[in-house]
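The structure appears below as structure tokens.
A quick note: this is a predicted structure, and the numbers were derived from the prediction, not measured.
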Amino acid sequence: MKRWVFACVLAISALSGALAAGLSVTDSLGRTVSLDKPALRVVSLSPSATEILFALGAADAVMGVTDYCNYPPEAVAKPKVGGFSGKTISIEQIVAMRPDLVIVAGGMHEKVMGMLASVGIKSFAAEPTTITEIYANIRAIGLLIGKDANAGKVVLAMKTRIDAVGAKVSAAKKPTVFWELWDDPLMSAGGPTFINEAIRLAGGTNIFADMKEQWPMVSLEEILVRNPEWIVSGDDHGDRMNAEQLKKRNGWTNVAAVKNNRIALVEADEINRSGPRFANAVEALARVFHPDLVRP
């Protein structure tokens, strides 16, 4: 009996110590973000973060979002504090919402973070570039809002789905892939991006994975040399991304993907946002590259 009582005292003491110490995480900019207690009022300046908050069951804690936070549908009804660019964000509106925490989209919101700090509002920067960092951001946000158990479940569900894709395509030939971010100028996804990761996890090989830039400008000559078997883009680029349009581009009929009509679109928001729906994007790409192995 005495041992049981002693164990309980130790457990309560440890819990009290943890609560006294507060919550502390490291964000994507390497900053330590500490809160005395879980944030109950949160403003999101990132569509990805908004999706994470809703997936964690924190809809009631979301006080404000951006004009681009369109998923889930319930997010659209939340009060708006501006667009995605830092120049469009209304600090006055954010302050009026009395948030315990503001989630920002990394370096592009540096000025916003400084203004928030000047009025005593904590911010967490979420700007992952890899799947591992996506998982870490979800867990960190979950901890900061008191939904760490839910965050663990969301990450586990994502991992389970993505690992299932990996198991199916592990022994398959990896087709080479050109991801077209934009066509004028030609831009693609380099190595330090989660789009590159999505292609790899789906059983493909990004032809510009060796590029150190996130979004490098590339040339037709480079594409011809690397000669991708697939050309893929987000559906927000769909009006420029089909066989007819590509064949009209000077020199593109010599690209293997164009010759063989291997051109595909995936939902832009799923692959461009570092949230729970990233698993959808990996599955969608795998169905493109390996339709015989990965089915809907």
Side-chain angles (χ1 to χ4, degrees), residues 27-28 44-55 65-73 75-76 80 82-86 88-89 103-109 125-138 141 154-155 158 161-162 165 177-202 204 206-209 211 213-218 228 230-242 263-289:
D27 71 6
S28 294
S44 171
L45 304 186
S46 159
S48 300
T50 299
E51 292 195 20
I52 291 170
L53 290 166
F54 275 82
V65 299
T66 74
D67 297 332
Y68 294 95
C69 295
N70 58 359
Y71 189 90
V76 179
K80 305 298 187 293
F84 192 49
S85 165
T88 68
I89 301 298
I103 303 178
V104 302
M108 69 176 295
H109 287 150
E127 193 178 27
T129 59
T130 67
I131 185 67
T132 300
E133 291 175 4
I134 291 175
Y135 293 151
N137 267 317
I138 293 172
I141 290 171
V154 168
V155 169
M158 291 178 68
R161 292 171 61 190
I162 291 172
V165 169
V177 182
F178 168 55
W179 175 270
E180 182 168 291
L181 180 68
W182 195 245
D183 63 307
D184 188 19
L186 268 175
M187 297 178 69
S188 190
T193 63
F194 48 79
I195 288 179
N196 177 60
E197 288 244 335
I199 293 170
R200 179 183 62 79
L201 291 165
N206 174 15
I207 64 170
F208 290 115
M211 294 284 194
E213 295 174 71
Q214 284 189 299
W215 315 113
M217 284 192 289
V218 298
W230 277 97
I231 296 175
V232 188
S233 187
D235 58 6
D236 56 347
H237 192 49
D239 59 333
R240 291 171 161 83
M241 186 54 57
N242 57 67
I263 299 151
L265 298 173
V266 294
E267 186 171 333
D269 286 348
E270 290 183 347
I271 197 164
N272 289 328
R273 295 181 183 179
S274 52
R277 290 196 295 163
F278 184 76
N280 296 12
V282 173
E283 290 172 340
L285 286 171
R287 288 194 294 270
V288 169
F289 306 147

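The backbone N or O of A126 lies less than 3.5 Å from no partner atom in the side chain of D27, so there is not a single donor-acceptor pair. Under a 3.5 Å cut-off, the side chain of E180 and the backbone N or O of I231 do not form any donor-acceptor pair.
Scanning all heavy atoms of the two residues, the minimum distance from K80 to A75 falls at NZ-O, 4.2 Å. Shortest non-hydrogen contact noted between T50 and S44 is OG1-OG, 2.7 Å. Scanning both residues, I263 and W230, for their nearest heavy atoms gives N-CZ3, 3.6 Å. Between V282 and A202, the closest heavy-atom pair is O-CB, 3.5 Å. Scanning both residues, G83 and D67, for their nearest heavy atoms gives N-OD2, 3.7 Å. A pairwise comparison of heavy atoms in L45 and H109 identifies O-CE1, 3.3 Å as the closest pair.
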Requested in this report: Start with the C-alpha distance between L53 and I103, add both sets of side-chain angles, then the distance that settles side chain to side chain contact (heavy atoms under 4.5 Å, CB included), and finish with yes or no.
Outcome: CA-CA 10 Å; L53 290 166; I103 303 178; 4.1 Å; yes
Query raised in the report: Between F289 and I199, does a side chain to side chain contact (heavy atoms under 4.5 Å, CB included) hold up when you go through it step by step?
Result: CA-CA 9 Å; F289 306 147; I199 293 170; 4.3 Å; yes
Query raised in the report: Going through the checks in order, is the side chain to side chain contact (heavy atoms under 4.5 Å, CB included) test met by N272 and I195?
Result: CA-CA 7 Å; N272 289 328; I195 288 179; 3.6 Å; yes
Report task. Show your working on side chain to side chain contact (heavy atoms under 4.5 Å, CB included) between V218 and F178 and close with a plain yes or no. Result -> CA-CA 11 Å; V218 298; F178 168 55; 4.2 Å; yes
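A distance of 7.0 Å separates CD1 of I52 from OG of S46, quoted to the nearest 0.5 Å. Here the straight-line distance linking atom CD1 of I207 with atom CH2 of W179 works out to 13.5 Å at 0.5 Å rounding. Taking CD1 of I138 as the reference point, atom CZ of F278 lies at 10.5 Å (rounded to 0.5 Å). Rounding to the nearest 0.5 Å gives a distance of 11.0 Å between CZ of R273 and OH of Y68. The distance from atom CZ of R161 to atom CG of N280, rounded to the nearest 0.5 Å, is 4.5 Å. The CD1 atom of I131 sits 12.5 Å away from atom CG of N196, with the distance rounded to the nearest 0.5 Å.
A heavy-atom distance below 4.5 Å is not found between the side chains of L201 and V165. The side-chain heavy atoms of L285 and I271, taken from C-beta on, include a pair separated by under 4.5 Å. Between Y71 and D269, the closest side-chain pair of non-hydrogen atoms is not below 4.5 Å. Annotation: side chain of V177 is not in contact with side chain of P228 (no heavy-atom distance under 4.5 Å).
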